[in-house]
Amino acid sequence: MSVRMVARRLGSKLLPRFAPAATLHSHATSFGFKEVNEEEKSQLVGNVFTKVASNYDIMNDLMSGGLHRLWKDRLVSKLSPFPGMKHLDVAGGTGDVAFRILETINSVNRRAKEDTREDDLQEETQIYVCDINPNMLNVGKKRAQERGLGDLGSLVWVEGDAEKLTFKDDSMDGYTIAFGIRNVTHIGKVLAEAYRVLKKGGRFLCLELSHVDTPVFKQLYDYYSFSVIPVVGELVAGDRDSYQYLVESVRRFPPQEVFASMIADAGFQKVEYENLVGGVVAIHSGLKI
Amino acid sequence: MVRGSRGVFEISKTLSEILVCPLSKQPLRVCEKSNYLISDAIGVSFPIVDGIPCLVPRDGEIIETEDTPSDSKVDSFDTKKDHKTTQD
């Protein structure tokens with residue numbers, strides 16, 4: 001795994017950037033490889049996730065060979081969750097990241113047996129799961145029940161738009177978005193909202209499918225994405241088109257360096273990213289200081 | 001935390017303090033009778049469905065008062081024209 005740092009200096013950027021306006025416009029009007037109106041994109045993406053919701057977790061396991069679990073573990077370990085934290089997981093629909101954060105905090109609590117305030121802190125821990133799609137949230141709520149996390153009160157499910165968050169300024173200790181940001185219409189607005197809701201000292205973490213550059217591996221990955229995944233989608237979920245959209249949307253999302261500079265533009269400091277599996281996924285992080 | 005049982009819900013103090021209107025970013029008022037969160041700043045109400053607050057801008061409905069005609073719409077906000085249902 002390689003870590004790259006994008007340092008933010010006043011008045012200049014260390015790294016060359018693509019014309020940001022063109023990149024942002026093309027993201028807002030692309031639905032995979034198709035061109036669409038900005039207004040349509042949200043609706044089209046919504047349709048995809050309504051359709052995939054019930055098979056979402058099985059398909060993640062199949063498509064990534066179970067690796068997505070390790071990637072999410074890595075994301076949560078970088079977050080360093082603590083009891084009493086207020087955390088927002090955006091586009092967190094089926095709950096994978098939220099459950100991991102809560103279970104990490106609960107295990108921290110169990111280790112701190114001598115701490116008499118641990119019950120208070122456990123009460124105060126609040127993980128907000130925000131998703132624009134009610135079907136995904138309903139799947140998440142059910143899974144929470146099955147995992148025994150449903151009645152704790154620490155998990156709060158909210159239907160909301162990442163571009164227009166429904167939380168107060170400076171209210172969150174942490175913000176995560178896993179495999180969600182490539183589906184939004186306006187990346188810049190999502191980053192600005194993330195910055196707004198985070199407290200000073202709060203961390204932004206984004207796990208997303210990204211770009212592979214290594215020659216041979218890239219060809220294998222492209223073959224896998226375009227020839228295998230939509231077929232698996234057809235066989236398992238009866239839905240080739242949604243999975244075609246998913247693989248196309250990965251290619252249209254800005255590459256690691258460009259996305260890192262967008263995060264810096266939103267005001268975050270200490271912006272860095274870590275490639276996993278040669279860039280198949282990347283975890284970008286930033287700090288609100 | 002929000003718990004739903006038989007259509008009546010409780011909304012914890014922590015939650016009601018942290019939630020704001022997604023459009024105006026002003027505080028929301030809880031209306032327990034009708035299961036809605038009200039944004040007085042812009043006169044819009046947001047439903048709570050199955051214990052989940054629906055705070056996407058398009059979920060909001062303009063609150064009709066005696067002074068406004070029943071079909072008035074505010075174009076600058078993303079309000080929907082039909083009632084949204086999550087059950088088919």
Side-chain angles (χ1 to χ4, degrees), chain A residues 39 42-43 46 50 53 84-88 90-91 93 95 120 123-142 144-145 149-173 185 189 192-193 196-197 199, chain B residues 1-5 9-31 35-42 44-61 73-88:
Chain A
E39 296 77 23
S42 176
Q43 181 70 42
T50 299
M85 84 181 300
K86 308 277 182 279
H87 181 84
L88 175 59
V90 174
D120 293 336
E123 285 278 314
E124 278 180 34
T125 304
Q126 297 270 271
I127 315 292
Y128 300 90
V129 184
C130 176
D131 201 294
I132 202 170
N133 191 296
N135 291 38
M136 295 287 281
L137 287 170
N138 286 328
V139 172
K141 270 183 91 174
K142 268 196 234 122
Q145 288 289 349
L149 299 171
D151 294 323
L152 286 178
S154 309
L155 275 175
V156 181
W157 307 86
V158 177
E159 193 189 298
D161 185 339
E163 296 185 18
K164 298 189 183 88
L165 286 175
T166 189
F167 302 94
K168 254 189 185 146
D169 296 11
D170 309 301
S171 55
M172 300 293 172
D173 298 295
T185 309
K189 289 190 187 175
E193 279 289 87
R196 181 181 69 77
V197 302
K199 295 180 190 171
Chain B
M1 59 196 161
V2 177
R3 286 212 186 100
S5 58
F9 68 95
E10 286 164 26
I11 193 160
S12 74
K13 193 161 183 289
T14 328
L15 185 58
S16 62
E17 281 169 3
I18 211 170
L19 286 181
V20 294
C21 169
L23 293 161
S24 69
K25 311 302 187 198
Q26 299 300 308
L28 290 166
R29 180 166 51 89
V30 179
C31 176
N35 240 16
Y36 274 83
L37 292 161
I38 317 280
S39 171
D40 289 315
I42 53 171
V44 170
S45 69
F46 296 93
I48 300 184
V49 180
D50 295 332
I52 296 180
C54 297
L55 291 155
V56 176
R58 63 160 189 263
D59 293 334
E61 291 177 34
K73 302 287 172 206
V74 178
D75 289 332
S76 58
F77 298 119
D78 296 322
T79 52
K80 61 179 170 60
K81 294 184 178 159
D82 302 310
H83 281 279
K84 175 179 143 261
T85 54
T86 53
Q87 285 153 3
D88 293 322

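Heavy atoms only: backbone and side chains are in, while hydrogens, waters and symmetry mates are out.
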Can you give me the closest heavy-atom contact between [X] and [Y], atom names plus distance?
{"X": "B:Pro57", "Y": "A:Asp161", "value": "CD-CB, 3.9 Å"}
{"X": "B:Ile52", "Y": "A:Glu159", "value": "CG2-N, 3.7 Å"}
{"X": "B:Lys25", "Y": "A:Lys164", "value": "NZ-C, 3.7 Å"}

Side chains of A:Phe167 and B:Val20: does their closest heavy-atom pair fall under 4.5 Å? no
I'd like to know if the side chain of A:Lys86 and the backbone of B:Ile18 have a donor-acceptor N/O pair within less than 3.5 Å. no
Within the distance-only criterion (no hydrogens, no angle test), does the side chain of A:Lys168 pair as donor or acceptor with the backbone N or O of B:Glu17 below 3.5 angstrom? yes
Chain B contact via A:Glu193 - side chain, backbone, both or neither, heavy atoms under 4.5 Å: side chain
Under the salt bridge (Lys or Arg N to Asp or Glu O under 4.0 Å) rule, collect the residues that match up with A:Lys199, sequence neighbours excluded. A:Asp173
Quick check for you: to the nearest 0.5 Å, what is the distance between B:Asp50 atom CG and A:Trp157 atom CH2? 13.5 Å
